[in-house]
J.: 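Got a structure for you, questions after.
Keep in mind that the numbers below use all heavy atoms, side chains included, and drop hydrogens, waters and symmetry copies. Fair warning: this is a prediction, and the values are worked out from it, not measured in the lab.
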Amino acid sequence: MTTPYRPSPPPGPRPGPPPGVRPAPPEEVGDARHPAVDAAVQAMINAEALSPADQIAQYEAAYETLRETLASIDQA
């Protein structure tokens, strides 16, 4: 039985900040905060300690939270 094709990332440098550079902690962001976004970001940070398979589930859940949050902002 074969598994479905799953593309891998393109070769070359990965997008995002350079290694070792972390985004500002939520305390330094100021008033532009949303509890659902903060929770999704924290879940992604916590996923760093998980196995790769478990990280994917955490990232997908965070993505869904962020997508729903942005959609609700657009409707407001």
Side-chain angles (χ1 to χ4, degrees):
M1 183 164 136
T2 61
T3 59
Y5 174 73
R6 193 167 192 172
S8 62
R14 298 180 113 176
V21 175
R22 294 278 228 199
E27 301 86 42
E28 297 177 17
V29 174
D31 293 335
R33 295 178 61 171
H34 191 284
V37 173
D38 289 343
V41 169
Q42 189 60 49
M44 289 188 290
I45 292 169
N46 294 342
E48 184 176 5
L50 300 174
S51 69
D54 293 333
Q55 285 179 355
I56 291 169
Q58 286 287 344
Y59 294 146
E60 288 174 344
Y63 167 78
E64 188 63 28
T65 298
L66 294 172
R67 190 185 67 73
E68 290 173 1
T69 302
L70 287 173
S72 70
I73 291 170
D74 286 343
Q75 294 172 1

J.: Which residues satisfy the side-chain contact (heavy atoms from CB on, under 4.5 Å) test with Ala40, sequence neighbours excluded?
T.: Ala62, Thr65, Leu66
J.: Please name the pair of heavy atoms, one in Gln55 and one in Glu48, separated by the smallest distance, quoted to 0.1 Å.
T.: NE2-O, 3.3 Å
J.: Return the set of residues passing side-chain contact (heavy atoms from CB on, under 4.5 Å) with Ile56 (not counting sequence neighbours), or none when no residue passes.
T.: Arg6, Glu60
J.: Report the residues that fulfil side-chain contact (heavy atoms from CB on, under 4.5 Å) with Glu68, sequence neighbours left out, ordered by chain and then residue number.
T.: Glu64
J.: For the hydrophobic clusters of this structure (ILVMFWY residues joined by side-chain heavy atoms under 4.5 Å, transitively), does one cluster hold both Ile45 and Tyr59?
T.: yes
J.: Just jot down the side-chain contact (heavy atoms from CB on, under 4.5 Å) partners of Asn46, sequence neighbours excluded, or say none.
T.: Gln42
